[in-house]
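Here is the structure we will look at, set down as C-alpha cells.
Every heavy atom of this structure was used, including side-chain atoms; hydrogens, water molecules and symmetry mates were not. Note that the numbering runs from 1 along the sequence shown for the chain.
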Amino acid sequence: MNAQISFLDGTYTLIHVPLDLYSALLQPILRVLLPQTQSLDALRETPECALEGLTTENQHGFLNISVTPIECSIVCHSTWANKVFQPVIDALPSEQAKTVAVFKDTYMVLSVISAGLEAAGRVMELSSPLALAGIPIFFITTYYSDFILVPSKARHNVIKALSERGFELSENQSNFVNSYAYGRKNSASSAGSPPGTPPPSDGKELQTRTFDLMQKRNVTPYVDDGLQLVQCSGREISQLADVYGHRLSVGRQTHTPGRRNSWIENVDTKLYTCIISALVSRPRFMSLTLAQDDPPSLLLDRKLLPIFGDSIVGDTESNFVPIFLDLVNLPSEVTGIVCGVAGRLVEDMHLTETFELSYLSTARAGAVILTEEQSTRALAILGPLLRTEDE
C-alpha cells in the first residue's frame with residue numbers, strides 16, 4: 001500500500017448533539033459552515049473574536065458535520081467549539097445542556113492519501129497500527145481521502161506506532177510516507193498504550209476483544225429501513241472556472257496584496273446554498289466533510305439529491321446502505337472498534353478490491369457503509385456476533 005499520512009494543523013473537538021436539540025444548535029452549525037462571520041468579528045479587533053483553523057482563503061482546514069438517525073455530530077477546530085458552540089449550549093436550559101456533549105479531549109486529524117489498496121482493505125490497514133498500539137481513533141472515509149482523529153495527547157504514540165509499520169516522518173514532522181510496504185514489523189504493542197489492560201498482540205485478539213466489549217455493552221448493529229446513501233463531491237475550483245466562465249477568475253484577480261480573499265470568492269455558492277437547504281430540512285442522513293486540500297465531500301440520503309441538482313459530481317446511481325453501531329454505552333477512549341469490525345467483515349465476506357467498504361465515525365456511533373447486497377451479508381455476520389445470551 002502506498003500512502004501518505006499528514007498531520008493537519010490545529011486541534012479539533014468532537015460535539016454530540018441529540019436530535020431533539022438539532023434545531024436549537026442549527027445556528028452555530030451554520031455559522032461554522034459559513035466562516036464569513038469570522039471576518040466580520042475580526043473587524044472588532046478583539047482577541048476573543050479571533051477564530052483559528054481557517055486557511056488563508058478563510059476556509060476550514062477540516063470540518064465534519066454529520067446528521068444521522070442516531071445523532072448530530074460535529075468535528076471542528078477547538079476554537080470554534082469554544083467560541084461558537086459553547087455559548088449557545090450554555091444558554092440552553094440546564095437539563096437540555098447536559099445532553100449535549102462537547103468532548104473534553106482535543107484531537108489531531110490525520111489526512112490519508114493512499115493508492116494501491118481499495119476501500120475494503122484500506123479502513124482495516126490504516127486503523128490497525130493505531131488500534132494495536134492502544135490508541136483510540138475516529139475514522140471518516142470521504143470521496144477523496146480518509147481522515148483519522150486521534151487524541152492530541154497521543155501524538156508521540158501515534159508517531160511511534162506508524163514508524164513501526166514502515167512509515168517515515170518527514171523533516172517538518174508533519175508528514176509520513178511509507179519507506180516500504182506495510183508489515184516491516186508488527187510490534188505496535190510497544191508503542192506506548194495507556195495504563196491498564198495491555199493492547200492486543202495481534203488482529204485476531206483485537207477482534208475478539210472488540211466484539212466481547214460490544215456484546216457486553218449491548219451494541220446491536222442495525223439498518224434504518226429504506227435509507228440509501230450516495231457518495232458525491234462538489235466540483236474542483238478549476239471545474240468551477242469552466243462552469244462559470246471568468247466570473248471566478250475575476251474574483252481572484254481582485255485580490256489586494258496584504259488582504260485575505262473573502263471566503264465567498266473561493267467556494268461554489270450554489271453548492272453551499274444546497275448544503276444549507278439540506279441542513280435546514282433536518283435530513284435523515286447527511287455527512288459533509290471539508291478539508292483544505294479537497295473539494296467538499298458529501299455522503300447523502302438519496303432523497304436529498306433533488307436539492308443538490310447539478311451542484312455535485314460523482315456516481316449518484318450506486319446505492320450504499322449504512323449499518324449503524326450505537327456506541328453511546330462505550331467510553332470515547334475505547335480502542336479497536338473500527339479495525340475490529342472492518343477486519344471481521346473483510347475476512348468473513350472475503351472482500352476483494354472490487355468491493356466498497358467505508359466507515360464513518362460520529363461522536364457516539366459508527367456506521368459501516370456498504371452496497372445494498374453487501375450490507376445484508378454484513379448484517380448476517382455481525383448480528384450473531386453481538387447477540388446477547390437472553391435474545
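- Here the two rings, on Tyr107 and Tyr12, have centers that are 6.0 Å apart or farther.
- Judged by distance alone, the side chains of Ser66 and Ser287 do bring a donor and an acceptor atom under 3.5 Å apart.
- Ser145 is linked by a side-chain contact (heavy atoms from CB on, under 4.5 Å) to Ile113, Thr142, Phe147, Asp294, counting only residues two or more places apart in sequence or in another chain.
- Using modelled atom types, one finds no donor on one side chain facing an acceptor on the other under 3.5 Å when comparing Asp268 with Ser311.
- Looking at residues two or more places apart in sequence or on another chain, you find no salt bridge (charged side-chain N to carboxylate O under 4.0 Å, His left out) involving Asp212.
- Sorted by first and then second residue, the salt bridge (charged side-chain N to carboxylate O under 4.0 Å, His left out) pairs with a member in residues 359-374 form an empty list; sequence neighbours excluded.
- The salt bridge (charged side-chain N to carboxylate O under 4.0 Å, His left out) test applied to Asp326 returns no partner, not counting sequence neighbours.
- Side-chain contact check for Ser78 and Thr13: at least one donor-acceptor pair (N or O, by modelled atom type) lies under 3.5 Å.
- Cation-pi contact between Arg282 and Tyr22: absent, since separation from the ring centre below 6.0 Å together with deviation from the ring axis within 45° is not met.
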Donor-acceptor contacts, no H, no angles, side chain residues 296-306, under 3.5 Å, sequence neighbours left out:
{"unit_1": "Ser297", "atom_1": "OG", "unit_2": "Tyr143", "atom_2": "N", "d": "2.8"}
{"unit_1": "Asp301", "atom_1": "OD1", "unit_2": "Lys303", "atom_2": "N", "d": "3.0"}
{"unit_1": "Arg302", "atom_1": "NE", "unit_2": "Asn319", "atom_2": "OD1", "d": "2.5"}
{"unit_1": "Arg302", "atom_1": "NH1", "unit_2": "Thr316", "atom_2": "O", "d": "3.1"}
{"unit_1": "Arg302", "atom_1": "NH2", "unit_2": "Thr316", "atom_2": "O", "d": "2.6"}
{"unit_1": "Arg302", "atom_1": "NH2", "unit_2": "Glu317", "atom_2": "O", "d": "3.4"}
{"unit_1": "Arg302", "atom_1": "NH2", "unit_2": "Ser318", "atom_2": "O", "d": "3.3"}
{"unit_1": "Arg302", "atom_1": "NH2", "unit_2": "Asn319", "atom_2": "OD1", "d": "2.8"}

Practice prompt. Walk me through it: do Asp310 and Lys270 pass the test salt bridge (charged side-chain N to carboxylate O under 4.0 Å, His left out)?
Written response: CA-CA 9 Å; Asp310 65 354; Lys270 180 178 180 181; 2.3 Å; yes
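- Shown here are the side-chain contact (heavy atoms from CB on, under 4.5 Å) partners of Ala154, two or more places apart in sequence or in another chain: Ile135, Pro151, Val158.
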